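Values reported hereafter were calculated over all heavy atoms of this structure, with side chains retained and with hydrogens, waters and symmetry mates removed. Bear in mind that the values here come from a model prediction, so they are computed numbers and not experimental data. Order of the sequence lines sets the chain letters (A, B, ...), proteins ahead of strands, with each chain counted from 1.
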Amino acid sequence: MKRRVSALLAQWYDRGHRDLPWRRTADPYPIWVSEIMLQQTRAAAVVPYYERFLDRFPTVDALARAAEADVLALWSGLGYYSRARNLLAAGRQIAARGSFPRDYVELRQLPGIGDYTAAAVASIAFGEPRAVLDGNVLRVVARMENDPGDIGASATRDRFRAVAESWLDRRASGPFNQALMELGATVCMPRRPLCPECPLRARCRALANGTVAQLPVKLGRIPPERIEAVLLLIRRDRRILLRQRALSEPRMPGFWDLPSPEHLPAVRPGAPAGQFRHTITHHRYIFTVSPAPAPARLPTAAPFRWLDPRDAATIPLSTTARKALRLAGLL
DNA sequence: AACTCGGGGTT
DNA sequence: AACCCAGAGTT
């Protein structure tokens with residue numbers, strides 16, 4: 001007697017799963033916010049940001065009225081800041097329109113909502129029968145089917161999506177999708193998966209073939225690039241000199257950061273106070289933090305301001321600046 | 001299809 | 001040091 005994948009998943013999920021805050025609501029707005037924060041970000045890292053964000057912006061109208069700098073300040077440290085900008089832009093579209101999008105097609109048109117997020121919100125909030133395809137699902141499908149296709153290739157994704165859709169419980173798509181992702185996150189993990197505990201082990205072709213550890217296949221990895229840079233720690237009384245990144249800069253436009261020597265050529269950096277590492281995608285930065293005397297006059301080419309570290313949570317401050325201030329014992 | 005996102009936890 | 005995470009936008 002072969003039971004459906006969805007039945008095996010549902011029984012396993014109902015026996016116990018992580019208690020995540022966005023699973024306690026049926027309101028599409030917080031579900032949407034959670035899905036944006038969860039893009040390329042682990043659930044455990046999202047939880048405190050999610051709580052703070054919804055405390056500050058409890059409704060889509062409250063979000064729509066917010067200043068972008070305030071949204072970015074709450075996002076500061078979570079990374080991938082275009083998510084926050086797109087979230088705000090989409091929230092303003094929704095508020096202007098007067099109603100929350102009601103299905104996958106409408107959701108998919110909003111900035112920051114791609115195939116995954118549209119399917120996730122549509123299924124979890126509205127019960128629409130859409131299968132999600134995220135990193136967890138790709139891994140579970142690759143192993144269940146023992147499929148060595150490159151998960152970065154569109155042909156593989158189309159094939160895997162068809163499998164997920166064939167499993168989908170159309171009457172309970174939200175719980176089904178969450179159960180499948182939960183399985184990938186807590187049992188069918190990238191390394192050292194817990195196959196003996198897996199509710200799908202009897203149907204897993206990779207387990208039967210002994211190829212679990214080789215799946216999924218992901219080709220075309222980019223080698224990391226090492227970049228060294230200096231951050232200047234310039235103090236006046238209790239305050240620290242910050243420089244705002246230009247709106248035209250590709251990375252983190254509008255964010256406040258510590259200045260570097262190229263921004264203040266007249267300043268002579270002192271002996272380093274320390275170093276820290278910072279990684280994003282394939283860039284590995286090594287920052288040296290150097291105290292320096294305040295310049296007699298600040299250049300006018302870039303906007304500067306003085307920050308009392310106690311106000312650090314109120315502005316969009318880069319994580320590198322936070323790390324530097326923490327290293328210096330100022331935060 | 002390739003590339004980028006100035007994160008960060010886990011192994 | 002890899003690996004990769006409830007991905008999306010741009011070129």
Note to self: Between A:Leu325 and A:Leu327, is the side chain to side chain contact (heavy atoms under 4.5 Å, CB included) condition met? List the steps.
What the structure shows: CA-CA 5 Å; A:Leu325 293 178; A:Leu327 184 153; over 6 Å; no
Item checked: Pair A:Tyr50-A:Trp22, ring pair (Phe, Tyr, Trp, His ring centres under 6.0 Å): steps then yes or no -> CA-CA 8 Å; A:Tyr50 172 85; A:Trp22 44 88; 5.3 Å; yes
Next item on the list: May I have the step-by-step check of side chain to side chain contact (heavy atoms under 4.5 Å, CB included) for A:Val132 and A:Val137, ending in yes or no?
Entry: CA-CA 7 Å; A:Val132 299; A:Val137 178; 4.1 Å; yes
Margin query: Apply salt bridge (charged side-chain N to carboxylate O under 4.0 Å, His left out) to residues A:Arg97 and A:Glu106 and explain how you reach the verdict.
Written below: CA-CA 12 Å; A:Arg97 198 177 73 163; A:Glu106 289 184 2; 3.6 Å; yes
Margin query: Please evaluate residues A:Phe126 and A:Ile31 with respect to the criterion side chain to side chain contact (heavy atoms under 4.5 Å, CB included), reporting the C-alpha separation (whole Å), side-chain torsions for both, the decisive distance (0.1 Å), and the verdict.
Written below: CA-CA 11 Å; A:Phe126 305 139; A:Ile31 290 170; over 6 Å; no
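Within residues 133-165 of chain A, the residues that place at least one heavy atom under 4.0 Å from DNA chain C are, in residue-number order, A:Asp134, A:Gly135, A:Asn136, A:Arg139. Listed by residue number, A:Met181, A:Pro190, A:Arg191 are the residues of residues 170-200 of chain A with a heavy-atom contact under 4.0 Å to DNA chain C. For DNA chain C, the neighbouring residues in residues 15-28 of chain A, judged by any heavy atom under 4.0 Å, are A:Arg18, A:Leu20, A:Trp22, A:Arg23. If you check residues 30-45 of chain A against DNA chain B, the residues with a heavy atom closer than 4.0 Å are A:Gln40, A:Thr41, A:Arg42, listed by number.
When the side-chain contact (heavy atoms from CB on, under 4.5 Å) test is applied to A:Glu145, the partners found at least two apart in sequence or on another chain are A:Val141, A:Asp147, A:Val163, A:Trp167, A:Arg205.
Side-chain contact check for A:Glu35 and A:Tyr116: at least one donor-acceptor pair (N or O, by modelled atom type) lies under 3.5 Å. For the residue pair A:Glu228/A:Thr288, the side-chain donor-acceptor check at 3.5 Å is not satisfied. In summary, the side chains of A:Asn86 and A:Arg83 do not present any donor paired with an acceptor at a separation below 3.5 Å, with no hydrogens or angles considered. For the 3.5 Å distance criterion, the side chains of A:Ser34 and A:Arg23 fail to qualify, holding no donor opposite an acceptor. Side-chain atoms of A:Arg3 and A:Gln11 include a donor-acceptor pair closer than 3.5 Å. A:Arg305 and A:Gln244 form no side-chain donor-acceptor contact under 3.5 Å, judged by distance and modelled atom types alone. Neither side chain, A:Asp150 nor A:Thr156, offers a donor N or O lying under 3.5 Å from an acceptor on the other.
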Check nucleotides 3-5 of chain B for protein N or O atoms closer than 3.5 Å to its own N or O atoms and list the pairs.
unit_1	atom_1	unit_2	atom_2	d
B:dC5	OP1	A:Arg251	NH1	3.3
B:dC5	OP2	A:His283	NE2	3.0

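Computed from coordinates, the A:Asn86 CG to C:dG7 C1' distance equals 12 Å when rounded to whole Å. Here the P atom of nucleotide C:dA8 and the CG atom of A:Leu107 are 12 Å apart, to the nearest Å. Between the CD atom of A:Gln109 and the C1' atom of C:dG9 there is a distance of 16 Å, given to the nearest Å. In this entry the distance linking NZ of A:Lys218 with C1' of B:dA2 reads 14 Å, nearest Å.
Within 4.0 Å (heavy atoms only), A:Arg284 reaches sugar-phosphate atoms of the nucleic acid but no base atom. A:Arg322 comes within 4.0 angstrom of no nucleic acid atom, judged by non-hydrogen atoms across all strands.
A distance below 6.0 Å separates the ring centres of A:Phe255 and A:Tyr81.
If you take atom P in B:dT11 and the same atom in C:dA6, they sit 13 Å apart, rounded to whole Å.
Counting only heavy atoms from C-beta outward, the side chains of A:Ser290 and A:Leu231 never approach each other to under 4.5 Å.
Not a single donor-acceptor pair, N or O on each side, falls under 3.5 Å between the base of C:dG7 and the side chain of A:Thr117.
The side chain of A:Arg85 places no N or O atom within less than 4.0 Å of a non-bridging phosphate oxygen (OP1 or OP2) of C:dG9.
A cation-pi contact, defined as under 6.0 Å to the ring centre and within 45° of the axis, is absent between A:Arg243 and A:Phe304.
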